[in-house]
K.L.:
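Quick one: this structure, given as structure tokens, is what I'll be asking you about.
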2 protein chains.
Amino acid sequence: MEAAEIHFADRGFEGTSVRDIAETAGVNLAMINYYFGSKEKLMEAMFARRSAYMTLQLETILANREMGPMEKLETLVDQYINRLLNQPCFHRIMIREQMMNSNHMITEQILQMKRTNSNLTRALIAEGQEAGVFRQNVDMGLLMATLVGTVGHIVSTQHFYREMNDLGEMTEDEFRNHIRGKLSSHIKAIFKAILSNED
Amino acid sequence: MEAAEIHFADRGFEGTSVRDIAETAGVNLAMINYYFGSKEKLMEAMFARRSAYMTLQLETILANREMGPMEKLETLVDQYINRLLNQPCFHRIMIREQMMNSNHMITEQILQMKRTNSNLTRALIAEGQEAGVFRQNVDMGLLMATLVGTVGHIVSTQHFYREMNDLGEMTEDEFRNHIRGKLSSHIKAIFKAILSNED
DNA sequence: TTGTTTAAATCAAACATTTGTTTAGTTTTG
DNA sequence: CAAAACTAAACAAATGTTTGATTTAAACAA
């Protein structure tokens with residue numbers, strides 16, 4: 001699954017052959033169909049594995065009684081950024097898969113994930129509105145699109161961001177930490193500007 | 001090229017066969033190689049055609065002497081949104097192609113486009129900073145990522161945004177206009193919050 | 001400790017499609 | 001008539017998948 005993830009991430013599902021996956025995984029070609037049934041089911045297994053932890057994280061934040069709404073939202077932002085930076089391959093696949101309706105099972109899985117996530121987030125925002133710290137009339141879809149879109153775009157076009165800011169000599173790790181901080185404060189500033197009820 | 005665009009947009013380059021393109025275009029299979037040379041060159045031709053107008057638009061704004069920096073930036077935002085909403089297929093292809101390094105020619109073409117665009121935008125921001133209306137220390141890469149990422153994400157996952165906001169019964173056109181307005185004010189608000197020098 | 005058995009794991013090879021591309025011939029057009 | 005436009009058919013390569021044989025590993029009995 002890890003080998004598949006790497007290839008799917010930078011050649012796409014249709015762009016990678018089962019032979020490529022088998023080779024980098026160091027296993028015989030037939031083993032993939034033996035264990036997963038098909039190339040498609042391999043990807044489904046990959047998705048099932050990865051998306052398991054996602055919702056859990058969000059629920060834990062929401063249940064926390066020591067954080068205020070804005071603090072929760074900021075934690076949510078940081079967690080999302082971390083998740084993307086830690087599993088860039090999987091997220092690149094997800095971003096791409098979201099925009100193609102090829103595999104029903106997977107689009108459905110993504111949709112389900114987004115539904116629960118947006119319900120939880122909606123609850124969080126409502127909590128903040130009742131507490132009077134969040135503005136009314138918030139378009140949550142746009143807000144989430146800004147989070148997911150901005151972070152996803154940076155992660156999937158790192159090379160360009162590096163070139164643009166002369167960060168070419170940073171190691172992978174250095175850059176990850178650098179961009180983590182930048183993204184975090186950038187998105188938080190946006191969220192605060194759009195949500196905060198202080199003007 | 002239009003037939004190719006449609007297919008590339010929702011199955012990906014590797015996911016669509018030359019036969020599919022030929023069929024929806026209503027031409028003989030061999031014609032595609034006859035006129036374009038190869039499947040890959042067909043895509044390159046597509047990119048060349050579409051990206052021709054892009055930079056021009058931006059240059060026209062920048063040269064305008066009647067608009068202030070913030071007004072120019074807002075026009076830029078609206079133009080980008082309009083471009084994406086008017087050619088959603090092409091932009092979905094571009095978004096996807098940006099994150100795969102399969103075709104050298106095309107990644108180079110996209111990179112070039114981004115370079116000139118970001119140089120022009122950088123000039124615009126510098127203009128605003130000198131005029132004192134824009135804050136110093138602006139991370140233009142993040143700002144552009146927010147524009148491109150947010151709009152791109154909404155366009156490529158329309159169906160989800162519709163479901164989330166109960167807009168399922170809108171026609172394609174109605175939704176396009178609806179989301180155009182929403183996106184426009186959302187992004188402008190963000191830009192103003194991050195750039196504006198008023199606090 | 002032995003040898004035997006059995007099911008799972010692994011493999012190389014083959015299979016049937018699909019793929020992008022080319023060819024050789026036909027039709028159309030100026 | 002000649003060049004361009006077009007076509008059906010064929011081609012070679014790559015693809016996902018299956019097959020049938022072989023190896024491994026564990027369970028079991030003597």
Side-chain angles (χ1 to χ4, degrees), chain A residues 1-50 89-90 92-94 96-110, chain B residues 1-50 89-90 92-94 96-110:
Chain A
M1 286 197 264
E2 283 161 25
E5 215 172 46
I6 294 167
H7 279 103
F8 288 162
D10 71 53
R11 299 269 179 199
F13 178 79
E14 331 267 357
T16 73
S17 73
V18 185
R19 282 169 181 77
D20 290 339
I21 300 171
E23 196 182 358
T24 49
V27 301
N28 184 278
L29 166 66
M31 286 297 91
I32 287 170
N33 284 284
Y34 180 67
Y35 281 106
F36 293 99
S38 70
K39 185 188 177 188
E40 205 149 49
K41 283 182 187 165
L42 161 60
M43 175 134 97
E44 288 173 21
M46 219 191 67
F47 261 82
R49 189 168 79 111
R50 287 290 189 204
C89 286
F90 173 66
R92 281 169 69 196
I93 298 172
M94 208 165 78
R96 195 171 26 228
E97 214 54 35
Q98 253 176 334
M99 48 200 297
M100 331 218 244
N101 307 332
S102 41
N103 185 326
H104 250 195
M105 191 115 267
I106 292 200
T107 45
E108 199 46 51
Q109 215 163 343
I110 295 179
Chain B
M1 285 198 264
E2 283 161 26
E5 217 172 46
I6 293 168
H7 279 104
F8 288 163
D10 72 54
R11 300 268 181 201
F13 178 78
E14 329 268 358
T16 72
S17 74
V18 186
R19 282 168 180 81
D20 290 339
I21 300 170
E23 195 182 358
T24 50
V27 302
N28 185 280
L29 166 66
M31 285 298 91
I32 287 170
N33 285 283
Y34 181 68
Y35 281 106
F36 293 99
S38 69
K39 185 188 175 187
E40 206 147 47
K41 283 183 186 163
L42 161 60
M43 176 133 95
E44 288 172 20
M46 220 191 67
F47 261 83
R49 187 167 80 112
R50 287 291 189 200
C89 285
F90 174 67
R92 280 168 69 196
I93 298 171
M94 207 164 78
R96 196 171 24 227
E97 215 55 35
Q98 253 177 332
M99 48 201 296
M100 329 220 248
N101 307 330
S102 40
N103 185 327
H104 251 194
M105 191 114 267
I106 291 201
T107 46
E108 200 46 52
Q109 214 163 343
I110 295 180

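Below, chain A is the first sequence line, B the second, and so on; all start at residue 1.
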K.L.:
Once you round it to whole Å, what is the distance between C1' of dA8(C) and CG of N28(A)?
P.N.:
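Distance check: N28(A) CG to dA8(C) C1' gives 15 Å.
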K.L.:
Quick one: F36(A) CZ to dT17(D) P, roughly how many Å, whole number?
P.N.:
13 Å
K.L.:
Do K39(B) side-chain atoms and F13(B) backbone N/O form a donor-acceptor pair below 3.5 Å?
P.N.:
yes
K.L.:
Keeping the roles fixed (side chain from R92(A), backbone from A9(A)), state whether a donor-acceptor pair exists under 3.5 Å.
P.N.:
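Looks like yes, one N/O pair under 3.5 Å.
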K.L.:
Considering only side-chain heavy atoms of S17(A), which listed nucleotide, dT19(D), dT15(D), dT7(D), is closest?
P.N.:
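Shortest atom-to-atom distance from the side chain points to dT15(D).
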K.L.:
Could you tell me whether the phosphate oxygens of dA9(C), OP1 or OP2, come under 4.0 Å of any side-chain nitrogen or oxygen in Y34(A)?
P.N.:
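For Y34(A), the contact criterion (side-chain N or O under 4.0 Å from OP1 or OP2 of dA9(C)) is met.
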K.L.:
Using modelled atom types and a 3.5 Å cut-off, is there a donor and acceptor pairing between side-chain atoms of R11(B) and backbone atoms of E14(A)?
P.N.:
no
K.L.:
Nearest-Å distance, CD (E40(B)) to P (dT19(C))?
P.N.:
17 Å
K.L.:
Figure out the OH/C1' separation between Y35(B) and dG20(C), and round it to whole Å.
P.N.:
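Answer to the nearest Å: 19 Å.
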K.L.:
How many Å lie between NZ on K39(B) and P on dA14(D), as a whole number?
P.N.:
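So the NZ-P distance, K39(B) to dA14(D), works out to 15 Å.
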K.L.:
Write down the distance between CZ (R19(A)) and C1' (dC15(C)), rounded to a whole number of angstrom.
P.N.:
11 Å
K.L.:
Quick one: M31(B) CE to dT7(D) C1', roughly how many Å, whole number?
P.N.:
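For the pair M31(B) CE and dT7(D) C1', the rounded distance is 7 Å.
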K.L.:
Between G26(A) and E14(B), which has a closest nucleotide on DNA chain C that is more 5'?
P.N.:
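Nearer the 5' end of the strand: G26(A).
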K.L.:
Could you state the CG-P distance from D20(B) to dT19(C), rounded to the nearest angstrom?
P.N.:
7 Å
K.L.:
Name the closest nucleotide to the L29(A) side chain, picking from dC6(D), dT17(D), dA12(C).
P.N.:
dT17(D)
K.L.:
Hey, do the aromatic rings of F90(B) and F47(B) have their centres closer than 6.0 Å?
P.N.:
yes
